[in-house]
Amino acid sequence: MQTDIDISVVIGFRNWGERRLQLAVKSIINSFGPLKGEVIVSDYGSDDGQVTKEGIEVTGARYVYTETDGSWSRSRALNAGFSHARGKILVSTDADMVFSPRSFEIIGRTLLENPSLCILLQCRDLPSTWSDKEVYEAGFDWETFESVSRLRPRWGMGGMMAVSREVFTKIRGLDERMHTYGGEDIDFATRAKRAGQRLLWIDDAEVRMYHMWHQPTRAQIEVTADAREAIQFNKDIVYSDKTFIRNTHLWEHRLQSAPPLVSVAIATHNRAEYLTQSILSVLGQTMQDFEIVVVDDGSTDETKSIVESFSDPRIRYFYQEQRGVASARNLAARESRGTYTAVHDDDDLMTPWRLQAQLDVIEAGIHGTFGAFVNFDDETGQMHLFRTKALNPGTIDETGGAPGHGTWMVETDIIRSLGYDESLTSGVDNNLALRMVRSGFKFVHCGEILMLRRLHPGQITVTDEHTQKLAARQTRQMFSFETSAWGKNKMKEERGANDWTEIRHAEQLNVLLPYLPDHLVARKFISPKILKNNLGPEFPTIWRNNELLGSLAPAHELSYAELMSLTKSGHVDEFEAVLRNDLTSAFYDNSDDSEQLIQNYLSENAQMLLEDSDNTCVAVIVRNISEKEYQSIVNSDKEIIKIKQGNRLNYCEFLNCYSAHEMLHLLLEDKRAVLAVNNKKLEYPILESTSNK
């Protein structure tokens, strides 16, 4: 991002005193010196009226308000502020801190000169005689503050952290799972260190941060069981989650102009017949923070028009005169904006969980990941699993082989620096893998099946098999050249059971059937589902108090494109499929019967509620009502459900409560619908299907 702002300081708060905030902002602005700085005050859902936009902006800060459901998350509050930040250096701090006159000039200059740092600053606590009231009345008496304050231990609650914009982007900000209170600073700094930053507790007499005294808020918050549970949840993240990239599934408050986390690199040449489904499999990922870089190596078919037909701004197309796959992949590396590159072949299919599964195993010192893959016959659908060995000097010395190229996720900078060998026409992936290992980079198996590899006559392994095997032998010789006998024995000793990783679904390859191409399988939902999007007039839509919950989707046959539109929303492992060779009419039973569809939905969800209730839930009777009755009570506090299909409307009202035992009796004997209630919160609407005739 091009910017003339040197440093952005973000303060996050909710329901806080305006005077205290004004003092914090004023001290920060006065400490920028010649640097160009900005202060962003991120109000995360305040509802007590203490702070006004005008009251903040008069100090020279920018005021950002985020609507919330009333819950507090310091991580999300800070990220919401950072999403508006323009600085090269990003700093987080609290609403009750004041900074000495040159603090952010020195912090900013230090980081601009050495962006490999993550700077932290110890807090100095002022005594109870120095609240924001006394500071406001006396002014910033820095000499007195220094003499009366007490240095707080490192890694305490609250404070200041400063990193470069690039580092903040790489680790995806503060962890937005964390909420209520506790652990955010420790977690962020630890993750920055894992990502390669050196932690620097700045020690400079001209850099001071003083905490204005106030009644402790944490002690007040911790009195509730929910708050204690939330604090423990945050601690579990800090001490148990060893990754450093977070918010991969959803970065709600995304940094302005942040590049994609992953670049999916596809090199292609005259594979238009396979390319559509290959790209769809990427778009169907459960992790959506990616771009797709397609490099067309001189295709003469419909490749360009197929890529452009997607109209997705995340897909970027580049054309070059045919120079070979290595050249095409090097061009993709040069054009990629993601921190990581996921290699994908133009005729293969990703499993929907691939990108997320690989990001989940990236920890400190890990430069890339790979996984298992399945070969499938493009004519029969027959599948064969390849588990893939570990990638280390011992496995290389034995076989010269490397993991399946289409399962790689590697730091993009590594591919740029080492590059694919353009003198080779085949085996370029094997060659690069061995050079990466020899250069000291470390890769781990993620334990997942990541790719469905299509077997067809046009594959390079078929058309250029001799050259590929020759390249593998030459690469192995290069790796082993001048390796001593002692070195070979050492590598052999390190081999063993650790060469193999346990693979999820290894014994259940049928779970992969839905993700094979349309011409091989027929697929449908295992059971009817409410989907958030409106599927059209032929599907029943379900509303609660005039709020659309979604469409009730039957167990109808789904195309591969429809499947991918669902998996990106997290609908994974909810489908069943059969090979078309084994297809029978029973597979489609009741698929077009909307009445049966609703009945199935009701019975299955009711059974699930009973099984999950542990005999402690409560039941609510649902009564069908007329439209006239509906209109008379629609503005009341009663819960109303509306089922709409075409021109027909059903309205349902929730009535009396019953025990779990009574609910079972009502469901099985009276055939009336019920709705589970847990702590008075309605969940899982179970609806009658009776029509108004």
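- In this structure, a donor-acceptor pair under 3.5 Å is present between the side chains of Tyr63 and Asp43.
- Side-chain contact between Leu512 and Ile449 is present, with heavy atoms from C-beta onward closer than 4.5 Å.
- In this structure a side-chain-to-backbone donor-acceptor pair under 3.5 Å is present from Thr93 to Gly159.
- Asn430 CG to Arg435 CZ: the interatomic distance, rounded to the nearest 0.5 Å, is 11.0 Å.
- One distance of note links CZ of Arg172 with OG1 of Thr248; it measures 9.5 Å at 0.5 Å rounding.
- Distance CZ/Arg454 to CG/Asp346: 9.5 Å, rounded to 0.5 Å.
- When the options Thr180, Asp185, Asn79, Asn234 are evaluated for a side-chain hydrogen bond (donor to acceptor under 3.5 Å, both in side chains) with Arg74, the one that passes is Asp185.
- Asp347 and Arg271 are joined by a salt bridge, as a carboxylate oxygen and a charged side-chain nitrogen come within less than 4.0 angstrom of each other.
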Given Glu422 and Arg323, is the salt bridge (Lys or Arg N to Asp or Glu O under 4.0 Å) satisfied, shown in steps?
CA-CA 8 Å; Glu422 297 185 20; Arg323 290 194 288 271; 5.9 Å; no
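- A donor-acceptor pair is defined here as one N or O able to donate and one able to accept, closer than 3.5 Å; such a pair exists between the side chain of Ser278 and the backbone of Asp348.
- Residues Phe82 and Phe168 place their aromatic rings such that the two centres sit under 6.0 Å apart.
- You'll find the side chain of Val64 stays beyond 4.5 Å of the side chain of Val41, heavy atoms only.
- Contact check on Asp6 versus Lys36 returns no salt bridge, with no Lys/Arg side-chain nitrogen under 4.0 Å from an Asp/Glu carboxylate oxygen.
- Using a distance-only test at 3.5 Å, with no hydrogens or angles considered, a donor-acceptor pair links the side chain of Ser565 to the main chain of Glu562.
- At distances below 3.5 Å, at least one donor-acceptor pair connects side-chain atoms of Ser42 with backbone N or O atoms of Ala77.
- Panel note: side chain Ser75, backbone Glu176; no donor-acceptor pair is recorded below 3.5 Å.
- Taken from CG in Leu359 to NE2 in His249, the straight-line distance is 13.0 Å, to the nearest 0.5 Å.
- Side-chain contact between Thr339 and Val262 is absent, with no heavy atoms from C-beta onward closer than 4.5 Å.
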Evaluation steps, salt bridge (Lys or Arg N to Asp or Glu O under 4.0 Å), between Arg62 and Glu38:
CA-CA 8 Å; Arg62 295 166 62 197; Glu38 65 175 359; 2.9 Å; yes
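- No side-chain donor-acceptor contact under 3.5 Å links Asn330 and Arg334.
- Remark: Asp345 engages Arg329 in a salt bridge, criterion side-chain N to carboxylate O under 4.0 Å.
- For Asn247 (side chain) and Leu174 (main-chain N/O), a donor-acceptor pair under 3.5 Å exists by modelled atom type.
- The closest side-chain heavy-atom distance from Leu355 to Leu450 is not below 4.5 Å.
- Nearest heavy atoms, Ile415 versus Ala333: CG2-CB, 3.7 Å.
- Of all heavy-atom pairs between Gly404 and Phe373, the closest is CA-CE2, 4.0 Å.
- Ser116 places no side-chain N or O within donor-acceptor distance of the main-chain N or O of Gln197, the cut-off being under 3.5 Å.
- A donor-acceptor contact shorter than 3.5 Å is absent between the side chain of Arg109 and the backbone of Leu35.
- For the atom pair CD1 of Ile106 and CD1 of Ile202, the computed distance is 6.5 Å after rounding to the nearest 0.5 Å.
- Note on ring orientation: taking the six-membered ring where Trp is involved, the planes of Phe441 and Phe443 are perpendicular (angle over 60°, cut-offs 30° and 60°).
- Contact annotation: the side chain of Val294 never approaches that of Phe318 to less than 4.5 Å [non-hydrogen atoms, C-beta and beyond].
- To the nearest 0.5 Å, atom CD of residue Gln256 and atom NE2 of residue His84 are 8.5 Å apart.
- Close placement of the His179 and Phe233 rings is indicated, their centers lying within 6.0 Å of each other.
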Check against salt bridge (Lys or Arg N to Asp or Glu O under 4.0 Å), Glu448 and Arg354:
CA-CA 8 Å; Glu448 294 279 354; Arg354 174 191 167 174; over 6 Å; no
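- At a threshold of 4.5 Å between non-hydrogen side-chain atoms, the residues Lys304 and Ser309 do not count as touching.
- Inspection of the Gln320 and Asp297 side chains reveals an N or O donor paired with an N or O acceptor under 3.5 Å.
- Residues Tyr44 and Phe13 keep their aromatic ring centres 6.0 Å or farther apart.
- Put simply, the side chain of Ser336 gets close to the backbone of Ala332: a donor and an acceptor are under 3.5 Å apart.
- Side-chain contact between Met160 and Val91: present, with at least one pair of heavy atoms (C-beta onward) separated by less than 4.5 Å.
- Side-chain contact check for Thr303 and Thr268: no donor-acceptor pair (N or O, by modelled atom type) lies under 3.5 Å.
- Judged by the 6.0 Å and 45° rule, Arg246 forms no cation-pi pair with Trp251.
- For the 3.5 Å distance criterion, the side chains of Asp296 and Tyr317 qualify, holding a donor opposite an acceptor.
- For Tyr340 and His367, the ring centers are positioned 6.0 Å apart or more.
- With a 6.0 Å radius and a threshold of 12 heavy atoms from other residues, nucleotides or ligands, Tyr239 has its OH atom at or below the threshold.
- Residues Met209 and Cys123 have side chains in contact (heavy-atom distance under 4.5 Å, counting atoms from C-beta outward).
- Exactly one of Asp241, Asp187, Asp236 qualifies for a salt bridge (Lys or Arg N to Asp or Glu O under 4.0 Å) with Arg177. That residue is Asp241.
- Partner Phe99 forms a side chain to side chain contact (heavy atoms under 4.5 Å, CB included) with one of Ile107, Ile28, Val207 and no other, that one being Ile28.
- A donor-acceptor distance shorter than 3.5 angstrom exists from the side chain of Arg191 to the backbone of Ile171, with no hydrogens or angles considered.
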